[in-house]
Asker: 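Handing you this structure, nothing more for now.
Proteins get letters first, then strands, A, B, ... in listed order; numbering begins at 1 in each.
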Number of protein chains: 2
Amino acid sequence: MIENYKNKILSFYKKNRRMPSYGEIMKLLSFQSRNAVYKLVNKLVDEDFVGKDSTGRIIPKKIFGEVKMIGLVQAGFPSPAEEELSDTMNFDEYLIGNKEATYIMRVKGDSMIDAGICEGDMVVVERTNTFPVGKIVIASVDGEWTIKYLRKRGDTYYLEPANKDYDTIYAENELKVEAVVKAVVRKY
Amino acid sequence: MIENYKNKILSFYKKNRRMPSYGEIMKLLSFQSRNAVYKLVNKLVDEDFVGKDSTGRIIPKKIFGEVKMIGLVQAGFPSPAEEELSDTMNFDEYLIGNKEATYIMRVKGDSMIDAGICEGDMVVVERTNTFPVGKIVIASVDGEWTIKYLRKRGDTYYLEPANKDYDTIYAENELKVEAVVKAVVRKY
DNA sequence: TTGACAGGTGAACACTTGTTCACCTATAAT
DNA sequence: ATTATAGGTGAACAAGTGTTCACCTGTCAA
């Protein structure tokens, strides 16, 4: 029963992008008094399902938009008892540092395949003015955009693919590092 | 100036996990009347920076918690003018279908390296009772947990790594498919 | 049979909510 | 010099806010 309540609150949050008020929960769960809701919410707060403001308003807890995290594949899935203890994570927070400077790009070609970046993968990149040698970067070389490792020999920077079939790239005119690759996301 | 306002509202949302009320914005922006806020908010609604409920409450628009998406790496970054038009995405929504059945696991070993899944990568998996042949699954074979391709020959299922150095795995006693791999996430 | 208690109702509290109105500047255009 | 306009103040409105209180069940244990 209480799980049902949680689900209804959760889907309200999903739909309206905010937590419901006590009155709204009352209608949502077909209660007759807001006080019934008040008592219910206090229990949900104890359970850490939701939280409260300094003004008493209900605020979402971590569970909203988060996913349970397990150590290793080899460890298998936790029992329901262990599940309570398992960590949760949120991809947006995990993957995105500086929101303003972050972009998502889709990868074409297999020049980075040995680094585990395949055609069609999405890369999370963050714009930069630095030259982070050794990292995977988005660079524009003589007007062309690519994703490669940034290397340095002596005073000159160059780009190195992660695929034996491709050659390293030296800029004829200009090599500009536009962004650093922060993460790779592939969906099946 | 108005950018400054947006930032303050945004960081309120980040901190409190909900949108501020008119009165709260008033204090936030050091206004003397809520009506000044009211007029400001209406402009922000026109700009599509925020939205309004049926009850008049302010709700976050897509921008909150989302990231700009670019077509291909080769396309480069958009100009500020184009940026307005570019799509945005939200990782949680993108990666997670059924929240209850979804887990994150960390990969150990290089048996799936040719599929672009490296040691230390995080996989997003969804529990299942089906046998999705051809997909990458989390399976328990005779008590051991692994991540492999699920294959079928005749009536028997078996597991195939994506690495020539490893052998295919046939279960001596039992092969159980615990979950399907929905996505791979790697952070640098 | 009694008492405790979890879970619900319904009314009341002070306060905050979004919204509207009349009014007050400055700044810019005519 | 006059008029419009964008952006602010301050008071008022009904409605909704979280919270508290007294009260009413049914269920279960002693």
Asker: Counting only side-chain nitrogens and oxygens, does A:S33 get under 4.0 Å of the OP1 or OP2 atom of C:dG8?
Answerer: no

Asker: Ignoring backbone atoms, test whether B:K39 places a side-chain nitrogen or oxygen under 4.0 Å from the OP1 or OP2 oxygen of C:dT20.
Answerer: no

Asker: Counting only side-chain nitrogens and oxygens, does A:R34 get under 4.0 Å of the OP1 or OP2 atom of C:dG10?
Answerer: no

Asker: When you check the phosphate oxygens OP1 and OP2 of C:dG7, does a side-chain N or O of A:K43 lie under 4.0 Å from one of them?
Answerer: yes

Asker: Taking the side chain as every heavy atom from C-beta outward, state whether B:D53 and A:R18 have any pair of such atoms under 4.5 Å apart.
Answerer: yes

Asker: Let me see the working for B:V184 and B:I136 under side-chain contact (heavy atoms from CB on, under 4.5 Å), right down to the final yes or no.
Answerer: CA-CA 11 Å; B:V184 181; B:I136 300 173; over 6 Å; no

Asker: To the nearest angstrom, how far is B:N4 atom CG from D:dG7 atom P?
Answerer: 16 Å

Asker: What's the CZ-P distance between A:F31 and C:dG10, to the nearest Å?
Answerer: 13 Å

Asker: Say whether B:V141 and B:W145 are linked into one hydrophobic cluster, either directly or through other cluster members, by side-chain heavy-atom distances under 4.5 angstrom.
Answerer: no

Asker: Whole-Å distance between D:dG7 P and B:L29 CG?
Answerer: 14 Å

Asker: On DNA chain D, does the nearest nucleotide to B:S30 precede the nearest nucleotide to A:S21 from the 5' side, or the other way round? Give the residue.
Answerer: B:S30

Asker: Rounded off to whole Å, could you give me the CE-to-P distance for the B:M26 and D:dA11 pair?
Answerer: 11 Å

Asker: Nearest to the side chain of A:N35 - D:dG18, C:dG8, C:dG10?
Answerer: C:dG10

Asker: Does the side chain of B:Q32 get closer than 4.0 angstrom to OP1 or OP2 of D:dG8 through an N or O atom?
Answerer: no

Asker: Should the pair B:R127-B:E178 be classified as a salt bridge under the 4.0 Å nitrogen-to-oxygen rule?
Answerer: yes

Asker: Tell me whether A:V123 is reachable from A:V137 by hopping between hydrophobic residues (I, L, V, M, F, W, Y) whose side-chain heavy atoms are closer than 4.5 Å.
Answerer: no

Asker: Separation of B:I58 atom CD1 from D:dG16 atom P, in whole Å?
Answerer: 18 Å

Asker: With a 4.0 Å limit, can you tell me whether A:Y22 has a side-chain N or O closer than that to the phosphate oxygens OP1/OP2 of D:dG16?
Answerer: no

Asker: Give the rounded distance in Å between these two atoms: CD of A:E24 and P of D:dA15.
Answerer: 17 Å

